[in-house]
Structures are given as C-alpha cells and as structure tokens.
Amino acid sequence: MNLSPLNAAVLRSSLPVLFGYLPLGAAFGVLFSDLGYHWLYATAMGLFIYAGAGQFLAVGLLANQAGLMEMAIATLLINSRHVFYGLSLMSRMHNRGWRKWYQIFGLTDETYSLITSTPIPAGIDPGPFHLRITAINQAYWLLGCTSGAWLGSQLEFSTDGIAFVLPALFMVLTIEQYKHLRDIRPFIAALVIGIGTLALISREHMLLIAILLSLSVLMMQYAARHHSGIQAGGAGHD
Amino acid sequence: MTEFWYLTSVIAVLAGATFATRALPFLLLSRVADHPLLEHLGRFLPPIVMVLLVVYSFKNDAALSIDFVPELGCLALVAALHLLFRQALLSIIAGTGTYMVLVQMQMQMQMQMGLG
C-alpha cells in the first residue's frame with residue numbers, strides 16, 4: 001500500500017479513535033435497533049448529527065416519544081461544551097470555506113483533542129491534516145453506528161473494557177499538551193476543578209460545569225493580568 | 001411514510017442543534033478571532049479540557065470503591081509508557097489491553113464467587 005506522508009500521519013494519529021468509535025458507535029447502533037427503525041436511520045444520524053453523547057440521548061428521546069422542541073433543547077444542553085471547543089480553536093483554524101465549516105461540524109471531543117494536541121508532522125500542512133483527521137474520525141463513527149444497527153442485538157460484546165481506549169487517548173494527549181505547553185499550572189487547576197466537581201457538585205453534568213468553572217478562572221486571570229498591565233503602563237506582563 | 005418524515009424531522013432538528021453549539025463562536029466572534037483573550041483561551045483551554053476528559057471517565061465509579069483501581073492503575077501505566085517512549089499507539093494499546101484483561105478477570109472472579 002502506498003500512502004502519502006499526509007495520509008500516513010492522519011491514519012497513525014487517528015487509529016486510537018478507530019478503536020474507540022467502533023465499539024461506541026456499535027453500542028449506539030444496537031440501542032437504536034431496539035427502537036425497531038430501519039438501520040439506515042442510524043447511519044443517517046452518524047452522518048448528519050455526528051455526536052456521541054447526543055446520539056445516545058436521541059435514542060432515549062425517541063423511545064419516550066419526546067417532542068421536537070424538547071429534543072432540540074436537550075441536545076443543545078448536552079452539547080453546549082462544544083461552544084468552548086470552538087472558542088479555543090478560533091485562533092488556530094487553518095481551513096477556509098466549506099473545509100472550515102466541515103471541520104466545525106465534526107468537532108467531537110475526540111477530534112478536538114487530536115487537533116489541539118497532535119503536533120503537525122514536519123512538511124505537512126495543518127489545514128489538510130486537520131480536515132482529514134475530522135473526516136476519518138467520522139468514517140470510523142459511521143462504520144460503528146451502521147454495523148451496530150445492522151447486526152442489532154445479534155452482536156455479542158466480548159470486548160468488555162475496550163472503551164478504556166478513549167480515556168487512554170485523552171491521557172496521552174494530556175502529556176502531549178504538557179510537552180507543548182511546559183507549564184504545570186493549568187493541569188493542576190483542571191485536576192482540582194475536575195475532581196472537585198465530580199465529588200461535590202455533579203456527576204452527570206461534570207464536564208460542562210468544570211469547563212465553565214475553568215473558563216471563569218481563565219477569564220479572571222486574563223482580566224487581572226490585563227488590569228495590572230494597564231496600571232504598570234502596559235509593561236510587566238506576567 | 002409518516003415514520004420517514006418523523007425521523008427525518010428529528011434528525012434535522014438534532015443535526016441543527018448539534019451544529020449550532022459547534023458553530024456558535026465562529027458565527028458570533030469571527031471578527032475578533034485574533035483578540036488576545038481568545039488567544040489566551042486557545043492556549044490554556046485545550047490542556048484543561050484534556051485533563052477534564054480523563055477525570056470524566058471516572059464518573060461511573062462509586063467513590064473510593066474497588067472500581068477505581070484498574071482504571072487508575074492502567075491510566076498510570078499509559079502515562080508512564082508515554083513519558084518513557086512517547087509512542088502514542090504503544091501507550092494506548094498496552095494500557096487498554098491490560099485494562100481489558102483486568103476487568104474481564106474481575107468479572108470472572110465475581111461470577112465464580114457468585115456475586116455476579
């Protein structure tokens with residue numbers, strides 16, 4: 001097989017997502033097939049919605065015959081963390097036109113993580129690299145959703161524990177982030193905020209609450225630094 | 001046919017709501033994309049989110065229970081391997097493989113002890 005350096009790099013960086021999305025997508029597909037609808041609708045959801053937690057939520061909403069308005073609000077709430085993903089990507093978006101909008105459409109947790117944490121290999125343009133990562137991740141997800149819904153409950157899950165591949169990927173990407181940033185403070189702060197939120201505030205909504213808390217810390221830190229900068233006549237940042 | 005239109009409208013609404021959350025900052029803030037505050041967030045939010053995604057994977061474990069041990073141990077293994085060799089796939093495959101073996105052994109033991 002002759003792979004271009006670009007495609008080889010895309011394949012190598014996205015492989016952990018394949019092992020995460022295949023079982024996760026299949027789990028969604030199996031749940032969806034219990035509703036009794038044609039498996040093509042599961043494929044369509046992976047194609048047009050493309051959201052892990054969002055699609056699992058959709059199965060529950062469909063099973064309960066929820067109204068469209070209720071569905072829209074629930075989806076907005078469960079995906080609201082993605083607003084902040086976009087917020088932190090704005091200063092490093094390398095694509096324009098439809099490529100940019102497709103990349104925004106495909107901004108799942110895993111794609112965001114790969115895009116922000118994987119160093120661009122030498123001699124490769126960040127634009128096509130990020131675009132292809134986004135597309136291949138969606139292809140993995142479609143494969144999972146479709147096969148799960150198609151095979152339905154015939155599928156035997158002897159793959160207990162394989163979902164650990166995603167936390168393992170996030171762990172690796174955390175270390176990559178640290179090697180890039182060389183500043184331990186945001187990592188400690190996130191650990192404290194994350195564990196604190198999980199233990200004291202909420203399990204189900206931990207991710208959104210912890211992101212909001214971190215965002216307010218970052219904003220206050222920015223404001224304080226900006227304020228002291230003005231008082232010192234614009235000099236003496238940090 | 002009604003089933004087709006029902007599911008099509010559901011998918012359209014969910015697709016619209018999902019895309020809206022991802023596109024919102026780009027639609028509202030594209031004119032100020034190079035504002036220093038957005039650069040500040042672009043620099044520090046990704047590492048924070050990465051740590052939070054790791055912590056979030058513990059949300060289904062009961063506090064201070066045995067459930068924590070395999071996951072915490074295997075995450076430490078992933079981190080150690082990655083700090084030593086910096087081969088992402090190696091770290092992830094070794095950690096996940098070990099985790100799967102541990103979890104499946106744990107389930108077998110529970111079944112043998114009649115707890116499962």
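Order of the sequence lines fixes the chain letters, A, B, ..., with proteins taken first and strands second; residue numbering starts at 1 for each chain.
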*Using non-hydrogen atoms only, which part of Tyr56(B) is less than 4.5 Å away from chain A: side chain, backbone, both, or neither?*
both
*Enter the distance from Ile193(A):CD1 to Ile48(B):CD1 here, rounded to the nearest 0.5 Å.*
6.5 Å
*Just how far is it from atom CZ of Phe4(B) to atom OH of Tyr37(A), taken to the nearest 0.5 Å?*
13.5 Å
*Using a cut-off of under 4.5 Å for heavy-atom pairs, which of Cys74(B), Ala88(B), Gly97(B) has the most such pairs with chain A?*
Cys74(B)
*Checking Ser202(A) against chain B: side chain, backbone, both or neither under 4.5 Å from a heavy atom?*
neither
*Which region of Ser117(A), side chain (C-beta onward) or backbone (N, CA, C, O), has a non-hydrogen atom less than 4.5 Å from a non-hydrogen atom of chain B, or is it both or neither?*
side chain
*Which bit of Ala74(A) is near chain B, if near means a heavy-atom gap under 4.5 Å: side chain, backbone, both or neither?*
neither
*Could you give the distance from CG (Leu45(B)) to CG (Leu89(A)), rounded to the nearest 0.5 Å?*
9.5 Å
*chain B contact via Leu198(A) - side chain, backbone, both or neither, heavy atoms under 4.5 Å*: side chain
*In terms of heavy-atom pairs under 4.5 Å, which option from Met219(A), Lys179(A), Gln55(A) contacts chain B the most?*
Lys179(A)
*Contacting moiety of Tyr85(A), where chain B heavy atoms sit under 4.5 Å*: side chain
_Please give me the minimum heavy-atom distance between Gly42(B) and Arg92(A), naming the atom from each residue._
O-NH2, 2.7 Å
*Let me know if Met69(A) has heavy atoms under 4.5 Å from chain B in its side chain, its backbone, both or neither.*
neither
*Provide the closest heavy-atom pair for Ala168(A) versus Val78(B) in the form atom of the first, atom of the second, distance.*
O-CG1, 3.8 Å
_chain A contact via Val13(B) - which portion, at a heavy-atom distance below 4.5 Å_ = side chain
*Between His40(B) and Gln221(A), is any side-chain donor less than 3.5 angstrom from a side-chain acceptor?*
yes
*Could you tell me which portion of Phe19(A) (side chain, backbone, both or neither) has an atom closer than 4.5 angstrom to a non-hydrogen atom of chain B?*
neither
*chain B: which of Asp109(A), Leu47(A), Leu181(A), Leu15(A) shares the most heavy-atom pairs with it under 4.5 Å?*
Leu181(A)
*asked:* Using 0.5 Å steps for rounding, measure from the OH atom of Tyr222(A) to the NE2 atom of His35(B).
replied: 4.5 Å
_When Leu173(A), Leu107(A), Thr75(A), Ile211(A) are compared by non-hydrogen pairs under 4.5 Å with chain B, the top option_ = Leu107(A)
*Shortest non-hydrogen contact from Pro46(B) to Gln177(A)?*
CB-NE2, 3.6 Å
_Portion of Arg86(B) that has a non-hydrogen atom of chain A nearer than 4.5 angstrom_ = side chain
*Close side-chain approach of Met206(A) to Val55(B), heavy-atom, < 4.5 Å*: yes
_Thr18(B) to Ala51(A) - nearest heavy-atom pair and separation_ = CG2-CB, 4.0 Å
*asked:* Using side-chain heavy atoms (C-beta onward) and a distance below 4.5 Å, is Pro47(B) in contact with Tyr178(A)?
replied: no
*State, with a plain yes or no, whether a side-chain heavy atom of Leu75(B) is found less than 4.5 Å away from one of Phe164(A).*
yes
*Which of Pro36(B), Pro25(B), Ala17(B) touches chain A most, by non-hydrogen pairs under 4.5 Å*: Pro25(B)
*So which of Leu77(B), Val49(B), Leu24(B), Val103(B) has the biggest tally of heavy-atom pairs under 4.5 Å with chain A?*
Val49(B)
_Closest heavy-atom pair and its distance - Met171(A), Ala79(B)_ = CE-CB, 3.8 Å
*Below 4.5 Å from any heavy atom of chain B, which atoms of Thr116(A) appear? Answer side chain, backbone, both or neither.*
side chain
_Using heavy-atom distances under 4.5 Å, tell me whether Leu29(B) contacts chain A through its side chain, its backbone, both, or neither._
both
*Do Arg22(B) and Thr108(A) come within less than 4.5 Å of each other through their side chains, counting heavy atoms only?*
yes
*Decide yes or no on side-chain hydrogen bond (donor to acceptor under 3.5 Å, both in side chains) for Glu3(B) and His38(A), but give the supporting numbers first.*
CA-CA 10 Å; Glu3(B) 182 186 291; His38(A) 196 280; over 6 Å; no
_Classify the ring geometry of Trp101(A) against Phe26(B): parallel below 30°, tilted from 30° to 60°, perpendicular beyond 60°._
perpendicular
*What is the distance from atom CG of Leu14(B) to atom CG of Leu57(A), rounded to the nearest 0.5 Å?*
8.0 Å
_Shortest non-hydrogen contact between Gly194(A) and Leu52(B), atoms and distance_ = CA-CD2, 3.5 Å
*asked:* Is it the case that atom NE2 in His94(A) sees more than 12 heavy atoms from other parts of the structure closer than 6.0 Å?
replied: yes
*Among Thr174(A), Ile195(A), Thr197(A), Ile115(A), who wins on heavy-atom pairs under 4.5 Å with chain B?*
Thr174(A)
*Between chain B and each of Glu176(A), Lys100(A), Met45(A), Met93(A), count heavy-atom pairs under 4.5 Å; write down the option with the most.*
Glu176(A)
*asked:* With heavy-atom distances below 4.5 Å as the criterion, would you say the side chains of Asp183(A) and Phe44(B) are in contact?
replied: yes
*Taking the side chain as C-beta and beyond, is there a heavy-atom pair between Tyr99(B) and Val165(A) under 4.5 Å?*
no
*Say you draw a straight line from CG of Leu28(B) to CG of Leu87(A); how long is it, rounded to the nearest 0.5 Å?*
10.0 Å
